[in-house]
Amino acid sequence: MFDYLVVGGGFAGRVLAERLANGSGKKVLIVDKRPHIGGNAYDHHNDAGILIHKYGPHIFHTNSREVFEYLSRFTEWRSYQHRVLASVDGQLLPIPINLDTINKLYGLSLTSFQLEDFFASVAEKKEQIRTSEDVVVSKVGRELYEKFFRNYTRKQWDLDPSELDASVTARVPTRTNRDDRYFTDSYQAMPLYGFTRMFERMLDHPNIHFLLNTDYREVERIIPYREMIYTGPVDEFFDFRYGKLPYRSLEFRHETIDKPIYQPAPVVNYPNDHLYTRVTEFKYLTGQEHAKTSIVYEFPRSEGDPYYPVPRPENAEIYKKYKALADATPKVYFVGRLATYKYYNMDQVVAQALTLYAKITESRRVESTNR
Ligand code: FAD
Ligand code: UDP
């Protein structure tokens, strides 16, 4: 008899499995329909021997000391500050938009103070910042919004930024200094030997067992367990009772090129050209030295594996109904990006999973003192 059946071997499932086994001595079975553990953060060496991220670029960053220290039990780190260029008007310019972006784009030599005045002169006043369009035009005006955000967003989501919550484009800040890092979190690092190696160390425990290539529905009735941790799509769990929750998908096209460097930055975004949104060159992320290099193109899709919840009011309404059902379902805990329909980064999923573990142990403590 297993104490827990964990559906999904991504960050959410793995943290719970590790904590329940190591922290509480529970017996855990992780079931994943994919042929590997790691969920979307899975990485592996390709045929050329280059470490790549199968499901697109994953860069670890967090402001949470707790999350960083927790993961540090399972990996050493390589310090890494992520940088991105956007291909706009025939130039490769820093994104997030900063002082150099504007000076290069317009052939100017503004100072930071002058740039603040420039932004103030082009920004559109908004009573309320409600949508992803509002966020950008209220800071940098319509022209920069059109060049850097509008078409990228339409390509990525198949929606206009005016149809998406503010939180989507608010992920990308605007700066008046020359800081060209994509993230400014206090901890920014990549697992020294990759994510998969880190996951293997997390799950190296005699109480943790795996079943890969298996949908949990094939085994839930034949494998005895007490409680379930579910990290798959929440609408699927309830047989789409309230309709389908939209999840955005991607198709990844991986390529290996016979030269050491392909592009001048880890990621190049293509807001206005091509059917793909961005190209990532993995060696920048991993620090690997190799005579060849591997890249991945991301083509947004409406069908396929669910990768992104789509943050907009009508979807939040549908999710609310599923959340009420989930809360009323005994012995099943819903956690992670798909099961709680949240556009979470890896560190947020780890924090959510650690919080759930604390809740589970607390309710068990209360139960046993009441007995
Ligand atoms: P997942 O990793 O999706 O794991 C869920 C698992 O459940 C999957 O392995 C799936 O196969 C399994 N599953 C689902 N249904 C079933 C079923 N019925 N039976 C059995 N198994 C099932 N975050 C960052 O912090 N930094 C980044 O740079 C970053 N880049 C990203 C780039 C892309 C292209 C994407 C898509 C995401 C990115 N993220 C990034 C987000 C990150 O991937 C997630 O926060 C994290 O992986 C979510 O973990 P999870 O466990 O919730 O879900
Ligand atoms: N975005 C954009 N242009 C860019 C980069 C981002 O319009 O050059 C918008 C787009 O809507 C994207 C969102 O900002 O989906 C969040 O970007 P992020 O890089 O965080 O996306 P992720 O890495 O999660 O795919």
Side-chain angles (χ1 to χ4, degrees), residues 5-16 30-42 53-62 67 82 84-88 93-97 132-133 135-136 145 147-157 159-161 164 167-172 182-183 185 188 190 195 211-220 229-234 236-237 247-250 252 267-272 277-278 280 285 296 298 300 305-311 334-340 342-350 352-353:
L5 176 68
V6 174
V7 178
F11 260 100
R14 256 173 297 111
V15 171
L16 261 316
I30 304 182
V31 178
D32 202 301
K33 57 185 179 187
R34 287 173 169 165
H36 56 73
I37 55 152
N40 288 336
Y42 171 73
H53 298 180
K54 180 167 181 171
Y55 305 98
H58 278 70
I59 297 113
F60 185 79
H61 55 100
T62 190
V67 167
H82 191 50
V84 180
L85 295 174
S87 170
V88 170
L93 303 167
I95 177 94
I97 292 175
S132 270
E133 176 183 312
V135 173
V136 183
Y145 162 73
K147 286 184 191 296
F148 288 87
F149 285 90
R150 183 150 193 242
N151 297 330
Y152 186 111
T153 303
R154 292 176 74 108
K155 189 160 39 170
Q156 168 76 4
W157 300 95
L159 290 169
D160 190 78
L164 279 166
S167 59
V168 176
T169 52
R171 289 168 62 88
V172 185
Y182 206 64
F183 309 111
D185 300 40
Q188 302 189 44
M190 297 293 284
F195 287 102
L211 207 49
L212 298 176
N213 297 303
T214 308
D215 193 307
Y216 81 101
R217 288 173 190 264
E218 295 165 30
V219 296
E220 63 173 336
I229 308 279
Y230 181 79
T231 76
V234 62
E236 203 173 295
F237 184 89
Y247 292 89
R248 193 76 177 140
S249 191
L250 291 171
F252 301 100
V267 171
V268 177
N269 286 357
Y270 293 90
N272 308 314
T277 49
R278 58 186 177 190
T280 299
L285 277 51
V296 66
E298 291 172 53
D305 277 0
Y307 291 126
Y308 293 82
V310 183
F334 295 78
V335 60
R337 179 150 145 149
L338 306 173
T340 61
K342 297 273 182 322
Y343 188 173
Y344 272 170
N345 294 323
M346 295 180 281
D347 64 317
Q348 294 170 299
V349 169
V350 173
Q352 191 192 39

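In each ligand, atom 1 is the first atom listed, and ligand 1 is the first ligand listed.
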> Given Arg34, Arg337, Glu298, Glu220, which one has a non-hydrogen atom that is nearest to atom 41 (C) of ligand 1?
Replying inline: Arg337
> Under 4.0 Å from any heavy atom of Gln156, which atoms of ligand 2 are there?
Replying inline: 15 (O)
> Going by the order shown, which atoms of ligand 1 are within less than 4.0 Å of some heavy atom of Val31?
Replying inline: 20 (C), 21 (N)
> For ligand 1, which atoms have a heavy atom of Gly336 less than 4.0 angstrom away?
Replying inline: 52 (O)
>> If you define the side chain from C-beta out and look only at heavy atoms, does anything of Leu164 sit under 4.5 Å from Val310?
In response: yes
>> For atom 14 (C) of ligand 1, what is the closest protein heavy atom, and at what distance to 0.1 Å?
In response: Gly232 CA, 3.7 Å
> Looking only at protein heavy atoms, which one is nearest to atom 19 (O) of ligand 2, and how far off is it?
Replying inline: Tyr182 OH, 2.5 Å
>> Could you identify the single nearest non-hydrogen protein atom to atom 26 (N) of ligand 1 and state the distance to 0.1 Å?
In response: Ile59 O, 2.8 Å
> Closest non-hydrogen protein atom to atom 47 (O) of ligand 1, residue and atom name please, with distance?
Replying inline: Asn40 CB, 4.1 Å
> How are the rings of Tyr216 and Phe237 set to each other: parallel, tilted or perpendicular (split at 30° and 60°)?
Replying inline: parallel
>> Is the contact between Asp215 and ligand 1 made by the side chain, the backbone, both, or neither, using heavy atoms and a 4.0 Å cut-off?
In response: both
>> Once you restrict to heavy atoms under 4.0 Å, what part of Tyr55 touches ligand 1? Side chain, backbone, both or neither.
In response: backbone
>> Closer than 4.0 Å to some heavy atom of Phe148 - which atoms of ligand 2 meet that?
In response: 2 (C), 3 (N), 4 (C), 7 (O), 8 (O)
>> Looking only at protein heavy atoms, which one is nearest to atom 23 (O) of ligand 2, and what is the separation?
In response: Arg278 NH1, 3.0 Å
>> Under a 3.5 Å distance rule, please check whether Ser249 uses its side chain to pair with a backbone N or O of Asp305 as donor and acceptor.
In response: yes
>> side-chain contact (heavy atoms from CB on, under 4.5 Å) for Thr169 and Glu133? Distances and angles first, verdict last.
In response: CA-CA 8 Å; Thr169 52; Glu133 176 183 312; over 6 Å; no
> Between Arg337 and Asn40, is any side-chain donor less than 3.5 angstrom from a side-chain acceptor?
Replying inline: no
> For Thr214, is the nearest heavy atom under 4.0 Å from an atom of ligand 1?
Replying inline: yes
> Nearest to atom 25 (O) of ligand 2, what protein heavy atom do you find, and at what distance?
Replying inline: Tyr308 OH, 2.5 Å
> Counting N and O atoms only, with roles assigned by atom type, does the side chain of Asp215 sit under 3.5 Å from a partner on the main chain of Arg217, one being a donor and the other an acceptor?
Replying inline: yes
> Going through the distances and angles, do Val172 and Ile97 end up as a side-chain contact (heavy atoms from CB on, under 4.5 Å)?
Replying inline: CA-CA 9 Å; Val172 185; Ile97 292 175; over 6 Å; no
>> Which of the numbered atoms in ligand 1 are under 4.0 angstrom from any heavy atom belonging to Gly8?
In response: 6 (C), 7 (O), 12 (C)
>> Out of all atoms in ligand 1, which are within 4.0 Å of some heavy atom of Gly10? Include the element for each.
In response: 2 (O), 4 (O), 51 (O)
> Do Phe183 and ligand 1 have an N or O pair less than 3.5 Å apart?
Replying inline: no
>> Between ligand 2 and Ala86, is the shortest N or O to N or O distance under 3.5 Å?
In response: no
> Are the side chain of Gln352 and the backbone of Gly336 linked by a donor-acceptor contact shorter than 3.5 Å?
Replying inline: yes
>> Tell me if a side-chain donor or acceptor on Tyr230 pairs with a main-chain N or O of Pro233 at a distance below 3.5 Å.
In response: yes
> Just by distance, do the side chain of Glu298 and the backbone of Gly56 share a donor-acceptor pair under 3.5 Å?
Replying inline: no
>> Need the ligand 1 atom indices (1-based, order shown) with element for anything under 4.0 Å from a heavy-atom of Tyr216.
In response: 17 (C), 18 (N), 19 (N), 20 (C)
>> Looking at atom 21 (N) of ligand 1, tell me if a protein heavy atom falls under 4.0 Å from it.
In response: yes
>> Judged on heavy-atom distance to atom 40 (C) of ligand 1, which of Arg14, His58, Arg278 sits nearest?
In response: His58
> Does ligand 1 have an atom under 4.0 Å from some heavy atom of Tyr42?
Replying inline: no
> Just heavy atoms, cut-off under 4.0 Å: does Tyr343 contact ligand 2 by side chain, backbone, both, or neither?
Replying inline: side chain
> For ligand 2, is there an N or O atom under 3.5 Å from any N or O atom of Thr153?
Replying inline: yes
> Does an N or O from Asp32, backbone or side chain, lie closer than 3.5 Å to an N or O of ligand 1?
Replying inline: yes
> Ignoring hydrogens and geometry, is there a side-chain-to-backbone donor-acceptor pair from Thr214 to Asp32 under 3.5 Å?
Replying inline: no
>> Quick check: do Ile95 and Phe149 have side-chain heavy atoms less than 4.5 Å from each other?
In response: yes
> For ligand 1, is there an N or O atom under 3.5 Å from any N or O atom of Gly56?
Replying inline: no
> Short list, please: which atoms of ligand 1 are under 4.0 Å from a heavy atom of Leu338?
Replying inline: 3 (O)
> Are any of the N or O atoms of Met346 closer than 3.5 Å to those of ligand 1?
Replying inline: yes
>> Among all the protein's non-hydrogen atoms, which is closest to atom 1 (N) of ligand 2, and how far away is it?
In response: Tyr152 CD2, 3.7 Å
>> For the 3.5 Å polar cut-off, considering only N or O atoms, please tell me whether Phe149 and ligand 2 meet it.
In response: yes
>> Using modelled atom types and a 3.5 Å cut-off, is there a donor and acceptor pairing between side-chain atoms of Thr153 and backbone atoms of Asn151?
In response: no
>> Below 4.0 Å, non-hydrogen atoms only: which portion of Asn269 touches ligand 2? Side chain, backbone, both or neither.
In response: side chain
> How far apart are the C-alpha atoms of Asp160 and Arg150, what are their side-chain angles, what is the distance that settles it, and do they pass the side-chain contact (heavy atoms from CB on, under 4.5 Å) test?
Replying inline: CA-CA 7 Å; Asp160 190 78; Arg150 183 150 193 242; 2.9 Å; yes
> Quick one: which of Phe252, Tyr42, Phe60, Phe195 gives a ring pair (Phe, Tyr, Trp, His ring centres under 6.0 Å) with His53?
Replying inline: Phe195
> Tyr344 heavy atoms, cut-off 4.0 Å: which ligand 1 atoms fall inside?
Replying inline: 41 (C), 44 (C), 45 (O)
>> Minimum heavy-atom separation for Leu338 and Pro306, please, with both atom names.
In response: CD2-O, 3.6 Å
>> As an exercise, identify every atom of ligand 1 less than 4.0 angstrom from a heavy atom of Tyr307.
In response: 36 (C)
>> I'd like to check whether Arg171 has a polar contact with ligand 2, where a contact means an N/O of the residue lying under 3.5 Å from an N/O of the ligand.
In response: yes
> Hey, is Pro57 touching ligand 1 through its side chain, its backbone, both or neither, going by heavy atoms under 4.0 Å?
Replying inline: backbone
> How close does the nearest protein non-hydrogen atom get to atom 6 (C) of ligand 2, and which residue and atom is it?
Replying inline: Val172 CG2, 3.8 Å
> Any side-chain heavy atom of Leu93 sitting closer than 4.5 Å to one from Phe148?
Replying inline: yes
>> Tell me the protein heavy atom at minimum distance from atom 51 (O) of ligand 1, and give that distance in Å.
In response: Ala12 N, 2.9 Å
> Which residue and non-hydrogen atom of the protein lie closest to atom 16 (C) of ligand 2, and at what distance in Å?
Replying inline: Val168 O, 3.6 Å
> Any nitrogen or oxygen of Phe11, main chain or side chain, under 3.5 Å from a nitrogen or oxygen of ligand 1?
Replying inline: yes
> ligand 1 versus Leu250, non-hydrogen atoms closer than 4.0 Å: side chain, backbone, both, neither?
Replying inline: side chain
>> How far is atom 15 (O) of ligand 2 from the closest protein heavy atom, and which atom is that?
In response: Trp157 NE1, 2.9 Å
>> I need the contact type for His58 against ligand 2. Using non-hydrogen atoms and a strict under-4.0 Å cut-off, is it side chain, backbone, both or neither?
In response: neither
